[in-house]
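What follows is a short report on a single structure.
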Amino acid sequence: MQEKLSTFNIQPSTSIKACLFDLDGVLVDTAVYHYQAWKRLANTMGFDFTEEQNEQLKGVSRVESLNKILAWGNVQKTDAEKEELASLKNSWYVDMITKMTPAEVLPGTVDFLTAIHQAGYKLALGSASKNSGIILERTNLDHFFDEIVDGNMVTKSKPDPEVFLKGAELLGFKPDECVVFEDAVAGVEAAKRGGMKAIGIGEKSVLTDADLVVSGLDKLTVEDLEKL
């Protein structure tokens with residue numbers, strides 16, 4: 001684990017002072033690992049799980065994802081059985097992500113995080129994943145973040161704004177001083193419900209409520225934040 005970057009005594013010249021990032025699909029792409037683990041779990045119960053269905057689980061908690069998958073497979077399980085299945089899926093997923101490397105960081109991520117840090121913005125992670133710490137450490141991104149809010153710290157899933165409001169609180173800024181970077185509709189909705197700006201990572205036709213939509217962090221500059 002690298003040491004956190006030294007804090008610059010610089011304040012951004014705009015109303016936006018802090019940047020809150022989702023993890024999957026924004027900084028790294030772990031959706032393939034979630035998909036492989038959920039598919040394996042579904043197969044053990046006698047049905048399949050598609051990539052299209054996996055898309056519907058973006059930003060959704062592990063428990064809610066499992067409930068959706070069981071419903072798709074028309075399978076009934078007790079709460080105790082669900083807990084066992086969720087733990088099994090997570091063990092497979094963790095086994096895969098512990099083998100991640102910095103090469104799996106999405107294009108432009110390191111350059112953009114470096115640029116906004118040097119410009120004086122505070123950075124926080126706001127992810128539903130309970131394994132965010134492992135992923136950030138394996139990909140050498142952990143030192144960029146002043147605060148990390150993940151599924152271990154919140155009880156409500158996006159589109160509830162809890163994860164982002166918690167991040168803003170820990171960073172010491174009001175919601176309207178924050179911008180959220182999200183690839184999921186539920187995440188963009190969470191940002192807007194929390195009173196924050198939202199930059200969508202993906203398709204404009206999908207992330208219609210975002211203030212700005214780009215295909216990736218490699219398409220963003222500090223100047224884009226100054227225009228929000």
Side-chain angles (χ1 to χ4, degrees), residues 1-28 30 59 97 100 102 104-106 108-156 158 160-184 187-188 190-201 211-212 214 216-218 220-228:
M1 182 185 298
Q2 296 186 38
E3 293 184 5
K4 291 188 181 299
L5 298 179
S6 57
T7 303
F8 288 82
N9 293 318
I10 301 172
Q11 284 292 319
S13 58
T14 64
S15 59
I16 300 297
K17 308 295 184 186
C19 300
L20 308 177
F21 291 83
D22 179 41
L23 180 61
D24 298 345
V26 176
L27 305 174
V28 297
T30 58
I97 63 173
M100 290 182 73
E104 294 178 78
V105 173
L106 290 173
T109 296
V110 172
D111 287 344
F112 183 66
L113 295 181
T114 300
I116 60 176
H117 183 271
Q118 291 178 344
Y121 292 90
K122 293 294 185 180
L123 280 63
L125 188 81
S127 172
S129 172
K130 292 186 176 181
N131 300 297
S132 298
I134 298 173
I135 296 170
L136 290 178
E137 185 175 346
R138 293 299 303 162
T139 55
N140 288 345
L141 294 178
D142 51 341
H143 63 293
F144 282 109
F145 294 93
D146 300 289
E147 300 290 347
I148 294 175
V149 182
D150 61 16
N152 297 298
M153 300 174 63
V154 295
T155 58
K156 300 172 184 176
K158 304 168 188 175
D160 190 282
E162 181 186 17
V163 68
F164 295 134
L165 292 175
K166 184 70 172 177
E169 177 187 354
L170 290 174
L171 290 176
F173 293 102
K174 295 180 293 186
D176 63 4
E177 295 178 304
C178 302
V179 59
V180 168
F181 297 78
E182 262 285 356
D183 72 319
V188 171
K192 304 304 285 187
R193 284 172 60 178
M196 304 176 185
K197 296 285 189 180
I199 293 181
I201 307 298
D211 297 282
L212 172 67
V214 293
L217 295 182
D218 57 331
L220 288 171
T221 65
V222 172
E223 287 71 30
D224 291 316
L225 301 187
E226 295 172 350
K227 297 174 184 176
L228 290 175

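What you see is a predicted model; the values in this text were computed from it and never measured.
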Can you tell me how far CD of E226 sits from CD1 of I16, rounded to the nearest 0.5 angstrom?
11.5 Å
Where I116 and C19 come nearest, the two heavy atoms and their spacing:
CD1-SG, 3.9 Å
Minimum heavy-atom distance D150-S129, with the two atoms named:
CB-O, 3.0 Å
What pair of heavy atoms forms the shortest contact from A119 to V222, and how long is it?
CB-CG1, 4.0 Å
Evaluate side chain to side chain contact (heavy atoms under 4.5 Å, CB included) for L123 paired with L171, printing each intermediate quantity in order.
CA-CA 8 Å; L123 280 63; L171 290 176; over 6 Å; no
Report yes if some heavy atom in the side chain of D211 is under 4.5 Å from a heavy atom in the side chain of K192; otherwise report no.
yes
Are E169 and L165 close enough, and set up right, to give a side chain to side chain contact (heavy atoms under 4.5 Å, CB included), and what steps lead you there?
CA-CA 6 Å; E169 177 187 354; L165 292 175; over 6 Å; no
Kindly compute the distance separating OG1 (T221) from NZ (K227), expressed to the nearest 0.5 Å.
6.5 Å
CG of L217 to OG1 of T109: how many Å apart, nearest 0.5 Å?
4.5 Å
Between F164 and M196, the two heavy atoms sitting closest are O-CE, 3.3 Å
Mind checking whether L23 and L136 have side chains closer than 4.5 Å, heavy atoms only?
yes
Would you compute the distance between atom CZ of R138 and atom CE of M100 and round it to the nearest 0.5 angstrom?
9.5 Å
Quick check for you: to the nearest 0.5 Å, what is the distance between I199 atom CD1 and L228 atom CG?
5.0 Å
Intermediate values then yes/no, side chain to side chain contact (heavy atoms under 4.5 Å, CB included), N131 and T30
CA-CA 11 Å; N131 300 297; T30 58; over 6 Å; no
Using the side chain to side chain contact (heavy atoms under 4.5 Å, CB included) rule, pick out the option among N140, D146, L141 that qualifies with F144.
L141
Nearest 0.5 Å, what's the CG-OG distance between D24 and S132?
7.5 Å
Passing candidate, side chain to side chain contact (heavy atoms under 4.5 Å, CB included) with Y121, options L225, V179, L113:
L225
Checking E182 against V188 for the side chain to side chain contact (heavy atoms under 4.5 Å, CB included) test, could you report, in this order, the C-alpha distance in whole Å, the side-chain angles of both residues, the deciding distance, and whether it holds?
CA-CA 6 Å; E182 262 285 356; V188 171; 4.0 Å; yes
Within the side chain of E162, is there an N or O that forms a donor-acceptor pair under 3.5 Å with the backbone of T155?
yes
Measure the shortest side-chain to side-chain distance between E137 and D142 over non-hydrogen atoms and say whether it is less than 4.5 angstrom.
yes
Considering all heavy atoms of both residues, which atom of V26 and which atom of L106 are nearest to each other, and what is their separation?
O-CD1, 3.6 Å
L125 and F145 have their tightest heavy-atom pair at N-CD2, 3.7 Å
Measure from the ring center of F112 to the ring center of F181 and say whether it is less than 6.0 Å.
yes
